[in-house]
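No experiment lies behind these values; they were computed from the predicted model shown.
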Amino acid sequence: MISALGLKAMHRLDPERAHHLALRALRLGLVPATGVYTSERLRCQIAGLELPNPVGLAAGFDKNAVALAPLAKQGFGFLEVGAATPRPQEGNPRPRLFRLSEDQAVINRFGFNNEGAQAIAARLAKRPKGRGERAVVGLNLGANKDSADRADDFAQVLRVCGPHVDFATVNVSSPNTEKLRYLQGPEALRTLLAGVIAARDEMAGNGGAPIPIFLKIAPDLDAEGLAGIAEVAVSSGLDAVIATNTTLSREGLVSAHAGEAGGLSGAPLFERSTRVLAQLSKLTDGALPLIGVGGIASAEDAYAKILAGASAVQIYSALVYHGMTLVDEITRGLDALLERDGFETIAQATGKGRDAWL
C-alpha cells in the first residue's frame, strides 16, 4: 500500500523530477528494502560473474552511481549504472522524459546527461564491499556529444572507471545522441571494440583482473545489420550482448505523448526486443551469453526472455508503473515458473522457446 501511494504521488509530478526524488528517497532509506531473493534455480553465472538471481537493473536509472548501496538491497541480481561520458554534459533540453501511461511505456531523449567519468568513478570506488553487501555492478559507457573521436571516448571512460566495476557495457545503440548508432556498423564497431578491449587488457596488465565487456544493441536493426553485429561480437572477443536498447518505433501507441522524439521503452518494446533477442541467439548459437531487456513487467515476461535465449534479464521502465516491489515479484515468480516446468537452473531454460520468436 505504501508503494502504491508513493507511485501515485510521483505520477503527479514532472517525470524527471519524480525520477530524482525516487533516487533521493532510496538514498534516505525511505524505500523499503526487500533484500535479494535467490535459490539454486536462480543462481547463475554470466561472463564469469556469479549472480544470486538473473534479474538486473538496466542502465539509465542511476546514471551517476549515487544510490548503489540502497539499490543493492532492492532484490536485483546485478546493477548497471551510467551511461558515463569522459566529460560531464547536460544532455538534451527539457522536457526530455515522458510517461505514456495508457501504453505502460516511457519516451526519453536525455542524451547521455551525466556528471562525467571522474565523478562517477569516485562514487564507484566507495561502493559497499563487505560480505553480503557487495552487489555485482557494471557501467554503461557512452560518448560526449561534441567529441572529436567518439569511438575513443568509450575507452577513456573505461580507463577511469574500469578498476571499480565488475563489467562494462559499450552503448552505441542510444537514439538520443546524433549519429551514435552509426557506430553499430561492422567496421566502425570492430574498431571501437578493439580500442575498448585493449584498454581493458591494459588495466589487467597493470595488476587488475580483466573485466567482462558487453555490447548493448538497438531493436531497430534489419536482418543484415543484426547478422553483422553478431559476427563482430563473436570475433571481437566480447563477453555478452544486451538486447535491446530503446526503439524509435511508435507502432500501436495511444498515449498523448506518443509523438515525442526519443527512445521508447516499456511494454510496447517487449515483442520487438524479444524477437531480436531470439534472432541473435540463433546467429550466435551459444558463442556468448545474451541479456534480455525491453518491456519486462512480470515474471512471465522475464521467463519469456530466458526461453527466447537470454541468460539474464534487466528491467527499468516497468519500475515507473509498479515500483521497486516488482523486483521481488519477478524473481520469486521466475523461480516458481522454472520449478513448474522442471528446470533446475536458468541455463537449462535458456533458449528452449527460441523458435517461437523466429
Side-chain angles (χ1 to χ4, degrees), residues 1-37 55-76 79-82 90-111 113-115 123 135 176 246 253-270 293-302 314-333:
M1 184 174 68
I2 292 172
S3 178
L5 289 172
L7 281 173
K8 188 173 181 179
M10 287 290 194
H11 281 214
R12 294 178 180 272
L13 303 174
D14 166 77
E16 189 163 353
R17 176 170 169 73
H19 184 188
H20 290 309
L21 285 175
L23 284 170
R24 187 176 182 186
L26 280 162
R27 294 198 303 272
L28 292 173
L30 301 179
V31 181
T34 61
V36 178
Y37 178 78
V55 182
L57 176 66
F61 183 86
D62 189 1
K63 290 177 178 290
N64 294 300
V66 298
L68 290 171
L71 282 170
K73 300 174 183 178
Q74 292 300 322
F76 296 104
L79 308 171
E80 186 175 347
V81 299
E90 291 293 323
N92 294 321
R94 300 188 187 194
R96 54 194 181 181
L97 180 63
F98 306 89
R99 296 187 201 96
L100 283 71
S101 299
E102 295 87 347
D103 299 299
Q104 293 286 288
V106 172
I107 289 176
N108 92 82
R109 52 172 180 262
F110 280 118
N113 58 310
N114 72 105
E115 295 175 11
R123 295 191 187 105
N176 299 318
T246 57
L253 299 182
V254 298
S255 298
H257 292 301
E260 293 289 347
L264 172 74
S265 59
L269 180 58
F270 179 79
V293 57
I296 297 173
S298 68
E300 289 77 13
D301 292 340
Q314 290 179 318
I315 63 173
Y316 177 4
S317 295
L319 299 175
V320 173
Y321 298 103
H322 301 280
M324 283 292 173
T325 56
L326 180 65
V327 186
D328 192 60
E329 291 173 17
I330 289 177
T331 51
R332 290 178 185 273

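Among residues two or more places apart in sequence or in another chain, the side chain to side chain contact (heavy atoms under 4.5 Å, CB included) test is passed with Ala33 by Lys73, Gln74. Ala297 meets the side chain to side chain contact (heavy atoms under 4.5 Å, CB included) test with Asp301, Ala318, His322; sequence neighbours excluded. Residues satisfying the ring-ring contact (aromatic ring centres under 6.0 Å, His included) test with His11, not counting sequence neighbours, are Tyr321. By the side-chain hydrogen bond (donor to acceptor under 3.5 Å, both in side chains) test, Thr331 pairs with no residue at all, sequence neighbours left out. Remark: Ala65 pairs with Leu68, Val81, Ile120, Arg123, Leu124 by the side chain to side chain contact (heavy atoms under 4.5 Å, CB included) rule, at least two apart or across chains. Legend: residues meeting ring-ring contact (aromatic ring centres under 6.0 Å, His included) with Phe110, ordered by chain and number and at least two apart, are absent. Scanning for ring-ring contact (aromatic ring centres under 6.0 Å, His included) contacts around Phe61 gives His19, Tyr316, with sequence neighbours left out. Under the salt bridge (charged side-chain N to carboxylate O under 4.0 Å, His left out) criterion, Glu329 pairs with no residue at all, not counting sequence neighbours. Among residues two or more places apart in sequence or in another chain, the salt bridge (charged side-chain N to carboxylate O under 4.0 Å, His left out) test is passed with Arg332 by Asp328. In this structure, the salt bridge (charged side-chain N to carboxylate O under 4.0 Å, His left out) partners of Arg94, at least two apart in sequence or on a different chain, are Glu16.
Taking all atoms of both residues into account, the shortest heavy-atom contact from Ala58 to Val293 is CB-CG2, 4.2 Å. Taking both residues in full, the closest heavy atoms of Ser101 and Ser255 are given as N-OG, 3.9 Å, listed atom of the first, atom of the second, then distance. Minimum interatomic distance between Gly294 and Leu269 (heavy atoms only, all atoms of both residues): CA-CD2, 3.8 Å. In plain terms, the two heavy atoms of Thr246 and Gly263 that are nearest each other are OG1-CA, 3.3 Å.
Considering CG of Leu253 and CG of Leu264, their distance stands at 5.5 Å, rounded to 0.5 Å. Interatomic distance, CD of Glu90 versus CG of Asn113, reported as 8.0 Å (0.5 Å rounding). For the atom pair Gln314 CD and Leu79 CG, the distance stands at 9.5 Å (nearest 0.5 Å). Taking CD1 from Ile107 and CG from Leu97, the interatomic distance works out to 10.0 Å, rounded to the nearest 0.5 Å. Rounded to the nearest 0.5 angstrom, Phe76 CZ and Ile330 CD1 are separated by 8.5 Å. Once rounded to the nearest 0.5 Å, the distance linking OG of Ser265 with CD of Gln104 reads 11.5 Å.
At a threshold of 4.5 Å between non-hydrogen side-chain atoms, the residues Ile315 and Ile296 count as touching. Looking only at side-chain heavy atoms (C-beta outward), Leu57 and Leu319 come within less than 4.5 Å of each other.
Judged purely by atom type and a 3.5 angstrom limit, Asn64 uses its side chain to pair as donor or acceptor with the backbone of Glu115. A donor-acceptor pair is defined here as one N or O able to donate and one able to accept, closer than 3.5 Å; such a pair exists between the side chain of Arg96 and the backbone of Asn92.
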| said: Using the rule given for side chain to side chain contact (heavy atoms under 4.5 Å, CB included), can you reason through Glu80 versus Asp62, listing the C-alpha separation, both sets of side-chain angles and the distance that settles it, and then say yes or no? | reply: CA-CA 8 Å; Glu80 186 175 347; Asp62 189 1; over 6 Å; no
| task | Report the C-alpha separation of Thr34 and Met324 in whole Å, then their side-chain angles, then the decisive distance to 0.1 Å, and conclude whether the side chain to side chain contact (heavy atoms under 4.5 Å, CB included) test is met. | result | CA-CA 9 Å; Thr34 61; Met324 283 292 173; over 6 Å; no
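Sorted by first then second residue, the salt bridge (Lys or Arg N to Asp or Glu O under 4.0 Å) pairs that include residues 258-270, not counting sequence neighbours, are Arg109-Glu260. Residue pairs meeting the salt bridge (Lys or Arg N to Asp or Glu O under 4.0 Å) criterion with at least one partner in residues 97-108, sequence neighbours excluded, do not occur; the list is empty.
In this structure, a donor-acceptor pair under 3.5 Å is present between the side chains of Asn176 and Asn108.
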